[in-house]
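In what follows, every chain begins at residue 1, and chains take the letters A, B, ... in the order their sequences are listed. It should be emphasised that the depicted structure is a prediction, and the values quoted were computed from it without experimental measurement.
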Amino acid sequence: MLDKNFNFKDIEEKLYKSWEDSGLFSPAGDGNPYTIMMPPPNVTGILHVGHALNHTLQDILIRYHRMKGRKTLWQPGTDHAGIATQMMVERKLEKDGLPKRKEMGREAFLEHAWQWKEESGGAIVGQLGRLGTTPDWSRERFTMDEGLSKAVLKAFVSLYNDGLIYKDNRLVNWHPGLETAISDLEVEQKEQKGKMWHIRYPIEGETEQFITVATTRPETMLGDTAVAVHPDDARYKDVVGKSVSLPITGRLIPIVADDYSDPEKGSGAVKITPAHDFNDFEVGKRHDLPMINIFTRQAKIIEHEDIPKKYHGLDRFVARKEVLKELEELDLLVEIENIKHAVPYDEKTKTVVIEPFLTEQWFVDTPTLAKPAAQAVRDGRTRFIPQQYENMYFQWVDNQLPWCISRQLWWGHQIPAWYDKDGKVYVAETEEEAQAQAGEGVTLTRDDDVLDTWFSSALWAFSTLGWPDKAPELVQYYPGDTLVTSFDIITFWVSRMMMFSLYFMDDVPFKDVYIHALVRDKNGQKMSKTKGNVMDPLDLIDKYGADALRFTLCALCSQGRDIRLAEDRLEGYRNFVTKLWNASKYAEMNKCNFDPAFNPATAKYVPNQWIIGETFKAAKSFEKSIDEYRFNDAANGLYHFVWGTFCDWYLEFTKASLSSEGEHADEIRKTTAWVLSQTYILLNPVMPFVTEHLYAKRVSDEEALITKEWPVYDVALVKNDSSQQIEWIIKIISEIRSVRADMNVPAGAKIPLLVKDACENSRNAFQNYNEILKRMARLESIDFTDAVPKGALQTVVEPVTLILPIADIIDLDAEKERLKKQLSKLEDDIQKVSQQLENKNFVERAPAEVIAEKEEQRETAKATHAKVSAALEQLEAA
RNA sequence: GGGUGAUUAGCUCAGUUGGUAGAGCAUUUCGUUUACACCGAAAGGGUCGGCAGUUCGAGCCUGUCAUCACCCACCA
């Protein structure tokens with residue numbers, strides 16, 4: 001016996017373990033491979049709703065294709081998350097009262113980091129299992145494991161040898177807190193209030209002549225090496241070539257003419273600090289200006305001979321105040337303007353202001369690599385779903401700047417480059433090879449830096465399959481089929497995987513990129529810890545079950561729109577799980593047991609034929625929806641089939657036959673069990689736990705649904721005559737119910753029904769479904785008639801008129817009103833359609849079937865109108 | 001500044017070649033007919049953001065405006 005409710009808490013864990021122990025998640029069979037590369041969550045990560053959505057969708061695709069006979073590989077793993085992990089380990093050291101990172105040194109720190117990774121890293125992997133997902137955990141990888149590290153070395157060396165990785169001294173985005181370079185993408189501009197200070201610089205050799213510049217970062221003036229004006233700016237024609245005396249430092253710097261300066265902005269003159277501003281850097285290069293770096297790695301003022309001693313060692317923001325104070329004393333600060341402007345912050349903590357900083361770093365020549373990556377999408381070899389995200393992709397890959405890949409961190413892949421004492425670089429996969437390049441006896445020192453985490457992530461699509469070895473998995477599973485991810489990672493990851501995959505594998509990494517929504521809270525706010533609106537998927541699973549969470553996410557996942565997740569949605573879909581459970585319980589109580597010998601094509605009873613046909617339609621529509629990545633349609637279609645069609649209509653239709661053991665009882669039992677068995681299969685990709693459990697209890701426990709074959713139906717299961725018949729009966733029942741409720745007929749009252757104008761078909765239908773109609777419409781009797789008794793309630797369902805002779809219990813005036821309302825609605829309809837049909841243009845240009853349809857509409861409406869007005873007349877005469 | 005998306009019932013959202021607007025939740029009324037009150041039956045509720053255009057016909061196509069969200073770039 002099934003329990004009162006589905007106890008998901010007891011069942012989920014047990015089931016999951018049994019699946020995993022049976023090795024069902026690994027690729028099996030000899031079908032056409034289907035591959036999904038799991039976006040590797042950070043080892044530092046904890047499960048959030050975004051992961052839940054991402055993994056639910058991947059699991060639905062994987063389970064569906066696995067059942068369809070594909071040899072599925074869902075390749076899982078985690079990412080070492082350079083910055084995040086290093087920060088986390090540093091925090092832990094502090095908490096444990098251990099020496100700081102720099103005090104203990106690189107080797108000791110890395111030991112701690114690995115220990116942390118082994119002990120508490122990857123907790124997220126265990127959490128993911130709670131969702132019931134089926135990646136091949138036996139193939140789980142880590143971006144810093146041995147194989148992937150080998151791939152990274154190989155990739156770096158090849159790119160270097162091909163001239164696509166190089167070292168360069170240029171401005172990078174510098175994180176003064178972590179003391180490392182970061183990439184452009186890791187910088188987030190934040191709009192905030194600030195000040196624009198206008199400063200005048202005295203022109204050398206002139207008395208009381210100044211040139212005014214403006215800046216939001218006055219401390220950088222200590223590193224100014226020029227003032228630029230526009231070459232065509234008449235105001236400054238005479239001063240170009242002269243110098244200004246840079247206040248505070250007393251250095252002489254030239255006034256240069258450069259297009260960069262915009263005469264419309266400010267005074268038209270702009271200070272040039274090549275070492276601390278990206279635009280100024282370019283100006284500096286054009287005019288061969290010196291580049292004076294004024295900051296240490298912590299963004300404190302450096303000890304420099306041109307900078308007065310009192311500034312040495314000051315933090316950048318303290319220095320700003322001091323510089324302003326001094327300028328004011330010198331009477332050079334002429335204006336302070338309040339403005340709003342964008343300030344660069346690090347995208348992780350959003351608290352540290354990023355500083356453009358002149359250093360030597362490693363770069364990948366992404367402008368070159370991006371070209372084939374863009375072309376592959378233009379050629380349709382990889383497509384984005386929804387397609388609009390291709391624009392975002394193009395915008396990024398078509399405007400590539402070199403990618404700074406070196407990080408001054410310790411946790412990560414150390415760059416395989418060695419230097420001799422003269423600084424000459426040797427790049428090789430091993431120290432031995434580097435030594436061989438350098439020659440015997442040369443002392444080599446390895447580059448301290450590590451690679452950007454995304455460098456190894458960019459190799460994920462093939463490094464996890466054994467590259468650079470010629471692994472059989474590479475041949476079999478590359479390229480992957482679908483990448484499921486969210487839009488915010490297109491630039492970080494998707495585009496870089498495209499670039500590296502095309503370069504190393506000469507083929508795209510995946511055919512489809514499905515971009516899903518962001519999950520927001522019920523008010524449309526991004527979930528964040530500081531806002532306190534985070535929904536923990538584990539809590540939701542505890543409360544509603546994994547199936548309910550999965551179904552909810554799937555049902556809300558329409559293309560190109562964010563998801564607002566509210567708990568009442570989860571409640572609703574938890575109820576759906578219960579509904580399916582109760583329907584199964586009903587089947588069990590009524591001995592509707594699954595019969596493997598039952599062939600649905602042989603069903604004789606029309607309601608059975610109908611529900612079997614509906615099952616076919618539901619399955620087809622689910623398949624189509626999943627194939628088109630329309631997850632919401634897939635979920636909602638099955639929801640309506642199970643609840644709205646099967647439970648609300650079919651089970652109610654057949655109840656009477658079952659309890660009276662009518663002539664169709666046996667076939668009904670088999671059909672009921674068959675339809676349920678099919679819903680378990682169809683719903684399994686979305687709701688694996690409850691369906692697996694019910695399948696085992698009610699159908700067969702010999703085979704897990706995970707590896708059950710997806711049903712293939714014969715289209716002959718759809719019998720249009722049966723569908724029409726049942727749909728008409730449903731209409732009759734609905735109409736009677738509606739009229740009864742409208743006229744306040746007590747719900748419990750059983751009333752007689754008279755049917756007028758019944759043709760042979762409808763007469764037969766009323767006879768065949770007599771019991772069903774009586775039960776579902778609460779009727780006492782059904783008879784045919786030509787005469788309408790006085791004061792009866794009438795309603796039309798073409799071609800018949802339904803008569804409820806209950807004058808004594810209804811309000812006749814209310815009934816008259818109801819009929820009048822109906823008539824005026826019909827008149828509106830007739831008029832609207834007639835107008836169209838009388839329009840010459842319409843008749844001439846509209847397709848024939850549209851016209852025929854309109855004509856039929858009009859005829860039907862007219863016929864109904866005649867009958868309803870006859871009913872009204874009778875009522876008024878009475 | 002460049003770009004993308006959104007605007008449909010009280011709320012959250014569907015609406016796939018243009019053919020008289022749908023769901024879930026919420027609301028109201030009725031209902032314990034032994035699967036299910038995490039239920040059943042029924043009802044109310046929308047000039048599909050504004051304006052203009054194309055078309056026999058527009059929620060859907062075109063233009064424009066408004067509001068909101070996001071992406072990229074820049075800011076002396």
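- For A:E186 and A:S183, the side-chain atoms include at least one donor-acceptor pair closer than 3.5 Å.
- Tested against A:V213, the residues A:V229, A:V227, A:I272 include a single side-chain contact (heavy atoms from CB on, under 4.5 Å) partner, A:V227.
- Side chains of A:Y389 and A:V513 form no contact here, defined as non-hydrogen atoms less than 4.5 Å apart.
- The side chain of A:N582 contributes no N or O atom lying less than 4.0 Å from OP1 or OP2 of B:rC38.
- Of all non-hydrogen atoms in A:H230 and A:P263, the two that sit nearest each other are CB-CG, 3.7 Å.
- Put simply, A:W643 has no side-chain N or O that comes within less than 4.0 Å of OP1 or OP2 on B:rA35.
- Residue A:K624 has its side chain nearest to B:rU16 when only B:rU16, B:rC39, B:rA35 are considered.
- B:rG63 and B:rC68: their P atoms are spaced 23 Å apart (whole Å).
- Spacing of C1' atoms, B:rU16 relative to B:rC61, comes out at 15 Å, to the nearest Å.
- Taking atom C1' in both B:rA26 and B:rC13, the straight-line distance is 14 Å, to the nearest Å.
- Contact between the side-chain N/O atoms of A:R569 and the OP1/OP2 oxygens of B:rC11 is not found at any separation under 4.0 Å.
- Between A:S495 and A:W396, the side chains place a donor N or O and an acceptor N or O closer than 3.5 Å (distance only, hydrogens not considered).
- Distances were taken from every side-chain heavy atom of A:K854 (C-beta onward) to each of B:rG40, B:rA35, B:rU20; the shortest belongs to B:rU20.
- Candidate nucleotides B:rC30, B:rG40, B:rA35 were compared by shortest atom distance to the side chain of A:A747, and B:rC30 ranks first.
- A:D488 comes within contact range of no nucleotide atom at all, as no heavy-atom separation falls under 4.0 Å.
- Summary of the strand contacts: A:N632 and A:T491 both lie near RNA chain B, and taking for each the nucleotide with the nearest heavy atom, the more 5' one is attributed to A:N632.
- Going from the C1' atom of B:rG18 to that of B:rG10 covers 30 Å, rounded to whole Å.
- Distances shown here put every side-chain N or O of A:K579 at or beyond 4.0 Å from the OP1 or OP2 atom of B:rA35.
- As rounded to the nearest Å, B:rG24 and B:rC65 have P atoms that lie 39 Å from one another.
- Across B:rA14 and B:rG5, the matching P atoms stand 15 Å from one another, rounded to whole Å.
- Applying the 4.0 Å criterion to OP1 and OP2 of B:rC13, one finds that A:S558 has every side-chain N and O outside that range.
- Using a 4.5 Å cut-off on side-chain heavy atoms (C-beta onward), A:F487 and A:V494 make no contact.
- For the 3.5 Å distance criterion, the side chains of A:H276 and A:E355 fail to qualify, holding no donor opposite an acceptor.
- Atom C1' of nucleotide B:rU20 and atom CD of A:Q836 are separated by 7 Å, given to the nearest angstrom.
- The side chain of A:R630 places an N or O atom within less than 4.0 Å of a non-bridging phosphate oxygen (OP1 or OP2) of B:rG15.
- Checking the phosphate oxygens (OP1, OP2) of B:rC38, no side-chain nitrogen or oxygen of A:R574 falls inside 4.0 Å.
- Here B:rG24 presents its P atom at 13 Å from CZ of A:F551, a figure rounded to the nearest Å.
- Atom CH2 of A:W396 and atom P of B:rG3 are 19 Å apart (whole Å).
- Residue A:T578 places none of its side-chain N or O atoms closer than 4.0 Å to OP1 or OP2 of B:rC39.
- Between A:W649 and A:D562, it is A:D562 whose nearest contact on RNA chain B lies nearer the 5' terminus.
- One P atom belongs to B:rG22, the other to B:rG46, and the distance between them is 14 Å to the nearest Å.
- Protein atom CG of A:D262 is 15 Å distant from nucleotide atom P of B:rG1, rounded to whole Å.
- If you check B:rG19, B:rA43, B:rU16 against the side chain of A:E853, the one that comes closest is B:rG19.
- Residue A:R561 has no polar side-chain atom (N or O) positioned under 4.0 Å from OP1 or OP2 of B:rG5.
- Looking at the side chain of A:D568, the nearest of the listed nucleotides B:rC25, B:rC71, B:rU16 is B:rC25.
- If you take atom C1' in B:rU7 and the same atom in B:rU47, they sit 16 Å apart, rounded to whole Å.
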